[in-house]
Number of protein chains: 4
Amino acid sequence: MAVDFLRNRPPPAVRSGEFCEDGVVASTKRLTARSRAARDSGGSGRRAELLAIAGELFAIRGFLATTVRDIADAAGILSGSLYHHFDSKESMVDEILREFLDAQRETNEQVLREASDPRAAIIELIRRSFGAMRQYRAAIAIFQNESKYLGGFERFGYLQQAAEDFERVWTRVLQDGRSAGVFREDLDPKVTYRFIRDMVWTAVHWYDPSGTLTADGIADQYIKILCGGIVLRE
Amino acid sequence: MAVDFLRNRPPPAVRSGEFCEDGVVASTKRLTARSRAARDSGGSGRRAELLAIAGELFAIRGFLATTVRDIADAAGILSGSLYHHFDSKESMVDEILREFLDAQRETNEQVLREASDPRAAIIELIRRSFGAMRQYRAAIAIFQNESKYLGGFERFGYLQQAAEDFERVWTRVLQDGRSAGVFREDLDPKVTYRFIRDMVWTAVHWYDPSGTLTADGIADQYIKILCGGIVLRE
Amino acid sequence: MAVDFLRNRPPPAVRSGEFCEDGVVASTKRLTARSRAARDSGGSGRRAELLAIAGELFAIRGFLATTVRDIADAAGILSGSLYHHFDSKESMVDEILREFLDAQRETNEQVLREASDPRAAIIELIRRSFGAMRQYRAAIAIFQNESKYLGGFERFGYLQQAAEDFERVWTRVLQDGRSAGVFREDLDPKVTYRFIRDMVWTAVHWYDPSGTLTADGIADQYIKILCGGIVLRE
Amino acid sequence: MAVDFLRNRPPPAVRSGEFCEDGVVASTKRLTARSRAARDSGGSGRRAELLAIAGELFAIRGFLATTVRDIADAAGILSGSLYHHFDSKESMVDEILREFLDAQRETNEQVLREASDPRAAIIELIRRSFGAMRQYRAAIAIFQNESKYLGGFERFGYLQQAAEDFERVWTRVLQDGRSAGVFREDLDPKVTYRFIRDMVWTAVHWYDPSGTLTADGIADQYIKILCGGIVLRE
DNA sequence: GATGAATGAGGGTTCATTCAT
DNA sequence: AATGAATGAACCCTCATTCAT
């Protein structure tokens, strides 16, 4: 009875409940649509297409729980055929994560260059992070869920690096804001950073691009909470 | 190059960096100490001991990435011997998660019974949640990380149930608070709930019980942010 | 630790040590040069070229260890493109081996026709065998190394035939020599045959055409040993 | 047609012809008998048993051509079960080769210590090498056939080392013999060494322990050739 | 309670080969 | 002649689980 527990994965049916709140969920149909878009938009064709499929699955099911056969099935080919395009399963995550992190790094730098003051910078960083969910939803989820696991392998050392870079940027802004008297002094910037980071990134788990809440809408509410708390000013 | 990347698990050395912020990390030594404690404290002896070991590993490495051999090794026995104590690997997580969720449910009810008003209730709920990290750190991490995966199996349907119960409780308090004029009206209770939930639970990923920040300390700061935002009142 | 050991083929760097004594080794550059020669010398052009490349690789790495991609890579084309020239991988070895064996058979017959006496015949057979190393080095190595494996397939039944023909020729000469009082009587012709055969063929494993020892030089020394032993006559 | 050539291995029937001259061949029945012997003779039990089976197959079919399923089938278990005893397929060859090389090294040293003069030393070395065929037939064949392939992997660097050690020992004896006027001066010791080495080791390919020719018998004949050549003294 | 040998299903990956373009 | 995408079978290996001792 217990035997096949791990193998007998439940039908990949998408549960719509709140528990699994899967903003990252994608039916095969959506994947196909997506893929075609990727091809048209001039990606490297089949490669980008397959990467998108793999990314969604990694995000939904987890990296370990996704087999290369799953990916191949979703793509309508045999598992061996994937190796015509990629070295290995980890090469796929690797590519997915690098693309996202590179973009994110650039965004961070741009915001820092252009922001007028710490308050504006933080708000813009948050807004941009939410914005990234549109393009990099799967990558963000993977980065969050699998960093602990993947980070243990040399090849993925850059994940830790990226996390550190990230922290440095945000913490500096928070620090500057505190020094400038914009942020409260009774908050530890490091704790605050983590607070914000978690707040932003975890939204990817339940954010549904096809739902009524837009990324911008969520960002606005989160910014409100951050700026004023949830409690009314007395 | 691809070289069996996934098999060559890196030495279970504990990285101290921020990236892996592993509050859940436990060396074999600590596991052993822990286990002995569990035995002494009158659990069902060996069973509780093994459960503690399994829990830590599931929390650190993930459920799928933890093999029964890992657990057995950490316990100093052979993998087959585990089956004298447990039906299966999933029975172990099952037990770990149920214990935690039962306790949590009770806590929630108690808080609701005893809280004088919504504001106090929310604050107490947050404080208690952080408090749970002391006893249920591993369980919390597992609940967070593996719910998506485990929730897909009938046996673990109760995880979704628990998440919904949770949401119901918190949302009601937030709702009541808003109606009573305690919380801002421009915040969607559902978004707010998710915000708080993520904020609280994700802390488990980096909370280090042996670090300088106490669970209570973090709770305080988070409550401050929630109540007043990070921006100084002008 | 096990780490896909078999896949991670070491760089095809050529070790010059005695251990691998690879007379058959050929860098890509040498292969190319060789191939061009083959083309000029009027073979069927590209076909002969590819055959030369395949032969070298089969000789160096072994038939099983050489993938069609290895061959294609060395030829600067894609693996699928090889199938415009050859039916299959085995067609390649087949052709390589047949060409060599045909030539060898002819040589043997010629020597037998022309030799004045058993002693001269044996010496000439040895000399010619060593001479063949110039033109058929790869084929000889393949014949030696892969006969056991290939011989098991119907298609390559002729390998066994060739070996038997070979033995028949040599054994007859040895027999004749013994009857004629030229060779010692206390030696079993069959054992002697094997001795000589192994002696001759194994040289291909360490013979280096670009080294100081010429094929003729080695032949001379071997003939000396055969005729007089290594021990000084007292 | 060509398609399945490599997979459709011919029935493991043992060809008795001279071509494949398989002294290393062993029917499953013989394997089983052998294995039982190994167990009784106090080896590490099942492990030694499996190693013997694997060794025979590696020797007969080649390392690459032998699948772990072949080994498991021959042992009457499933392929996965092999991994209860060994890390990997290469761990098996590794163990087989090391055992043989260790024994051989010791033998060499002993002969050198005890031999009265170069002539006796060479003869004894040859005799002992042939003698080793009794206990290490499979290992010798593997060492010969697979060194080129295996030697390319770091793990098997010791194969090259062993070959060099070997050469050093034999060459020194030959050198000494020449200086002492025992061996002919017109023979290059290095060539002579290779000659002898090949002569000795290649016999493993056709030596049949159950045949009429004993290892000692072959050794005697070979020594005769070496000492007196095949040609009668005029 | 534990061992050690084994199972059986499946996982990632390789590779000879095919074929439309 | 060659490409590039795909096939399909097999390969080495892993791992949860069972069970006789």
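Heavy-atom basis, side chains included; hydrogens, waters and symmetry copies ignored. In what follows, every chain begins at residue 1, and chains take the letters A, B, ... in the order their sequences are listed. Treat the numbers as computed from the prediction; the structure is a model and nothing was measured.
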*Asks:* Once you round it to whole Å, what is the distance between C1' of F:dA1 and CZ of C:F86?
*Replies:* 13 Å
*Asks:* Main chain of A:T67, side chain of A:D70: is a donor-acceptor contact present, judged purely on distance under 3.5 Å?
*Replies:* yes
*Asks:* How many Å lie between CZ on B:F153 and P on F:dA16, as a whole number?
*Replies:* 13 Å
*Asks:* Rounding to a whole Å, what distance do you find between C:D73:CG and E:dT14:P?
*Replies:* 14 Å
*Asks:* To the nearest 0.5 angstrom, please state how far the CD atom of A:E90 sits from the CE atom of A:M92.
*Replies:* 9.0 Å
*Asks:* How would you list, by chain and number, every residue that makes a side-chain hydrogen bond (donor to acceptor under 3.5 Å, both in side chains) with D:R98, sequence neighbours excluded?
*Replies:* D:D94
*Asks:* Any N/O pairs under 3.5 Å between the protein and nucleotides 3-5 of chain E? List them or say none.
*Replies:*
| residue | atom | partner | partner atom | Å |
| --- | --- | --- | --- | --- |
| E:dT3 | OP2 | B:L78 | N | 2.8 |
| E:dT3 | OP2 | B:S81 | OG | 3.1 |
| E:dA5 | N7 | D:H84 | NE2 | 3.2 |

*Asks:* What is the separation between atom CD on B:E90 and atom C1' on F:dC15, rounded to the nearest whole Å?
*Replies:* 14 Å
*Asks:* If we ignore angles and hydrogens, is there a donor and acceptor under 3.5 Å between the side chains of B:S91 and B:R155?
*Replies:* yes
*Asks:* From CZ of A:R69 over to P of F:dT7, roughly how many Å is that when rounded to an integer?
*Replies:* 13 Å
*Asks:* In Å and rounded to the nearest 0.5 Å, what is the CD1 to CG distance from D:I53 to D:D73?
*Replies:* 10.5 Å
*Asks:* Quick one: the dot-bracket string of DNA chain F, using Watson-Crick and G-U wobble pairs with both distances under 3.5 Å, [ ] for crossing pairs and | for bases paired to another strand.
*Replies:* .||||||||||||||||||||
*Asks:* D:L64 CG to F:dA10 P: how many Å, rounded?
*Replies:* 18 Å
*Asks:* Is there side-chain contact between D:E146 and D:V93, with heavy atoms separated by less than 4.5 Å?
*Replies:* no
*Asks:* Working note: B:I71 + B:L50, criterion side-chain contact (heavy atoms from CB on, under 4.5 Å); need CA distance, chi angles, decisive distance, verdict.
*Replies:* CA-CA 8 Å; B:I71 301 170; B:L50 294 170; 5.6 Å; no
*Asks:* Between P on E:dA16 and CG on C:L57, what's the gap in Å once rounded to a whole number?
*Replies:* 12 Å
*Asks:* What's the gap between F:dT21 and E:dG1 when it is taken at their P atoms, as a whole Å value?
*Replies:* 22 Å
*Asks:* State, yes or no, whether a side-chain contact exists between C:I77 and C:R46 at a heavy-atom distance under 4.5 Å.
*Replies:* yes
*Asks:* Could you state the atom-to-atom distance from CD of A:E49 to P of F:dA6 in whole Å?
*Replies:* 9 Å
*Asks:* Does C:K89 qualify as a cation-pi partner of C:F58, given the criterion of NZ or CZ under 6.0 Å from the six-membered ring centre and within 45 degrees of its axis?
*Replies:* no
*Asks:* Just N and O in the side chain of C:Y83: are any of them under 4.0 Å from OP1 or OP2 of E:dT17?
*Replies:* yes
